[in-house]
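Below you'll find the structure, written out as structure tokens, and then a few comments.
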Amino acid sequence: MESDLDLQHSIDRAVALLNSGEVVAIPTETVYGLGASINSPEAIEYIFELKGRPRTNPLIVHVANLEQAKSLFSNFPAELEVLANQFWPGSLTLVLPKSNKVSDQITAGKNTVGIRVPNHPILLKVLEQTGPIAAPSANPFERISPTTAQHVSNYFPKGLKMVLDGGPCQAGIESTIVGYENSRITVYRLGAISIEQIETLVGKVALHDGTKSKVVTPGMSKKHYAPQTKTIVTKNITEFIDKHPNAKIGTINFQHISASNAFIQLVLSTSGDLKEAATNIYQFLHKLDELKLDYIVIEPLPDVELGRSVNERLSRAVHL
Ligand code: TXA
Ligand code: MG
């Protein structure tokens, strides 16, 4: 573990780099991000390059507090402010019309911007000294998001001046993205805040299913978050293993290991806690992906609360 002095030194270095127009990998409570000041167009351009991300896919902006968010939105409906008050700092990204402080480069030409106040003490310290930071998840396009500093270094062994290590991500999956369409709260991406948590506060919300209709949130495009290893999601792991007797298989179960042997068997939460399962899922996928398996076979989670968010991610990880 880093001493307080080392940590302070790392924070100071990250702030100095960001303020001088460099890209720094930053910890958040959801997943690690590739961060750049919203006032550094070259650094933002470099993020797209590093990720291999299409220029049509906008970045979200991370701010230290609600006031900063307000200065970047041109309009903030009261209903969404209720959500911000409840969930910030936290894993909720709000998409609203942008103010002129946000460039078209960040929003990929859209007139809206996605913003959140992350719930990570180290990143909040950084944001207080840098101002708004644009940051997509710190993975190459279509790969699994990183949940440790090591995952980021593995993805980008070269090309980054600094990975600010904030420990393993507590939420472990990306933020929930919420917008406002035709005066209705609309969820664009399921994530670390459940729809149930949101609906408790503001009543029924719309869900924009990007897999069926035009892509509003490019993160909803069908194939995303995929391991390199062939990945299967099935309720019957035992049957799959029996049918592939010679294959090297790693399994991920929700609560209990299935009754058959595999090369490696992981359990997301022995107590059946969906939040713990969400925290572990990417970590496990990264781990299994390193083992050069023939298959990763995963049991779907109960389709409620964060189980629904994880299942949605798994549906993108599968190799059809
Ligand atoms: O948890 C997270 O949200 C992480 C951490 C680093 O904060 N970030 C993250 O960023 O997941 P990214 O870029 O990997 O995913 C953000 C998604 C993208 O799919 C992007 O298309 C969508 O948000 N998005 C950003 N701005 C948008 C906008 N104005 N309208 C619609 N979708 C937007
Ligand atoms: Mg991403």
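In this text the structure is predicted, and so the values were computed from the model without any measurement. Numbering of residues begins at 1 and proceeds along the displayed sequence.
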Inset, instruction - Could you walk me through whether Ser271 and Asp273 pass side-chain hydrogen bond (donor to acceptor under 3.5 Å, both in side chains), step by step? - result: CA-CA 6 Å; Ser271 64; Asp273 179 2; 5.0 Å; no

Legend entry - Any donor-acceptor N/O pair, Tyr32 side chain to Asp165 backbone, under 3.5 Å: no

Inset, instruction - Look only at the side chain of Asp289 and the backbone of Leu285, and say whether a donor-acceptor pair between them is shorter than 3.5 Å. - result: no

Legend entry - Evaluation steps, side-chain hydrogen bond (donor to acceptor under 3.5 Å, both in side chains), between Asn19 and Thr130: CA-CA 6 Å; Asn19 285 342; Thr130 57; 5.1 Å; no

Legend entry - Side-chain donor or acceptor of Tyr46 paired with backbone N/O of Pro41 under 3.5 Å: no

Legend entry - Under 3.5 Å: donor-acceptor pair, side chain of Thr234, backbone of Ile237: no

Inset, instruction - Indicate whether the side chain of Gln8 and that of Asp4 have a donor and an acceptor atom separated by less than 3.5 Å. - result: no

Inset, instruction - May I ask you to check whether over 12 heavy atoms, not counting those of Lys248, lie within 6.0 Å of atom NZ? - result: yes

Legend entry - Charged N-O contact under 4.0 Å between Arg53 and Glu142: no

Inset, instruction - Check side-chain hydrogen bond (donor to acceptor under 3.5 Å, both in side chains) between Asn261 and all other residues, then give those that pass, not counting sequence neighbours. - result: none

Legend entry - Any donor-acceptor N or O pair under 3.5 Å, side chains Tyr188, Glu181: yes

Legend entry - Spatial distance of atom CZ (Phe87) from atom CD (Gln197) [nearest 0.5 Å]: 5.0 Å

Inset, instruction - Could you go through the salt bridge (charged side-chain N to carboxylate O under 4.0 Å, His left out) check for Glu45 and Arg55 one step at a time? - result: CA-CA 9 Å; Glu45 170 57 26; Arg55 302 299 195 274; 2.5 Å; yes

Legend entry - Atom pair NE2 (His256) and CG (Leu268), whose distance is rounded to the nearest 0.5 Å: 12.5 Å

Legend entry - Hydrophobic cluster membership, Ile249 vs Leu291, 4.5 Å side-chain cutoff: no

Inset, instruction - Look at atom CD of Gln170 and say whether more than 12 heavy atoms of other residues, nucleotides or ligands are closer to it than 6.0 Å. - result: no

Inset, instruction - Spell out, as yes or no, whether a donor-acceptor pair under 3.5 Å connects the side chain of Asn75 to the backbone of Pro97. - result: no

Return a table of donor-acceptor pairs under 3.5 angstrom between the side chains of residues 302-309 and protein atoms on other chains or two or more places apart.
| from | atom 1 | to | atom 2 | distance (Å) |
| --- | --- | --- | --- | --- |
| Asp303 | OD1 | Asn311 | ND2 | 2.9 |
| Ser309 | OG | Gly191 | N | 3.4 |
| Ser309 | OG | Gly191 | O | 2.8 |

Inset, instruction - Applying side-chain hydrogen bond (donor to acceptor under 3.5 Å, both in side chains), name anything that partners Thr148, two or more places apart in sequence or on another chain. - result: His151

Legend entry - Donor-acceptor under 3.5 Å (Gln129 side chain, Lys125 main chain): yes

Inset, instruction - Test Val117 against every option in Val63, Leu94, Leu123 by the side chain to side chain contact (heavy atoms under 4.5 Å, CB included) rule and name the one that passes. - result: Val63

Inset, instruction - Give the minimum heavy-atom separation between Ala25 and Leu160, together with the two atoms involved. - result: CB-CD1, 4.1 Å

Inset, instruction - Could you grab the distance from atom CZ of Phe284 to atom OG1 of Thr251, nearest 0.5 Å is fine? - result: 10.5 Å

Legend entry - Student check: side-chain heavy atoms of Phe156 and Leu34 closer than 4.5 Å: yes

Legend entry - Derivation and outcome, side-chain contact (heavy atoms from CB on, under 4.5 Å), residues Thr229 and Leu288: CA-CA 8 Å; Thr229 313; Leu288 293 188; over 6 Å; no

Legend entry - Common cluster, Ile173/Val152, ILVMFWY with side-chain heavy-atom separation under 4.5 Å: yes

Legend entry - Residues Lys204, Glu199: salt bridge by 4.0 Å N-O rule: yes

Inset, instruction - State plainly whether one hydrophobic cluster holds both Phe76 and Val187, where clusters connect Ile, Leu, Val, Met, Phe, Trp and Tyr through side-chain heavy atoms under 4.5 angstrom apart. - result: yes

Inset, instruction - Tell me, with the steps shown, if Val23 and Met162 meet side-chain contact (heavy atoms from CB on, under 4.5 Å). - result: CA-CA 8 Å; Val23 172; Met162 182 179 189; over 6 Å; no

Legend entry - Criterion side-chain contact (heavy atoms from CB on, under 4.5 Å) on His286 and Tyr155, from CA distance to verdict: CA-CA 11 Å; His286 280 286; Tyr155 275 144; 3.3 Å; yes

Inset, instruction - Search all heavy atoms of Thr93 against all heavy atoms of Ser175 and return the closest pair with its distance. - result: OG1-OG, 2.7 Å

Legend entry - salt_bridge(Lys98, Asp104) N-O dist < 4.0 Å: yes

Inset, instruction - Locate the shortest heavy-atom distance separating Leu92 from Val178; write the atom from each residue and the value. - result: CD1-CG2, 3.7 Å

Inset, instruction - Might you point out which heavy atoms bring Pro118 and Pro89 nearest each other, and give the distance in Å? - result: O-CB, 3.4 Å

Inset, instruction - Determine yes or no for a side-chain-to-main-chain donor-acceptor pair under 3.5 angstrom, with Thr176 supplying the side chain and Ile193 the backbone. - result: yes

Legend entry - Flag, side chain of Glu29 to backbone of Ser91, donor-acceptor distance under 3.5 Å: yes

Inset, instruction - Please determine, by modelled atom types, if Glu174 and Ser145 share a side-chain donor-acceptor pair under 3.5 angstrom. - result: yes

Inset, instruction - Show your working on side-chain hydrogen bond (donor to acceptor under 3.5 Å, both in side chains) between Glu81 and Asn85 and close with a plain yes or no. - result: CA-CA 6 Å; Glu81 209 170 325; Asn85 281 323; 4.5 Å; no

Inset, instruction - Please work out which of the three classes, parallel, tilted or perpendicular, describes the rings of Phe240 and His244, given edges at 30° and 60°. - result: parallel

Inset, instruction - Ignoring hydrogens and angles, tell me if any N or O in the side chain of Ser20 forms a donor-acceptor pair with the backbone of Ala16 under 3.5 Å. - result: yes

Inset, instruction - Verify, without hydrogens or angle tests, whether Thr231 (side chain) and Pro227 (backbone) share a donor-acceptor contact under 3.5 angstrom. - result: no

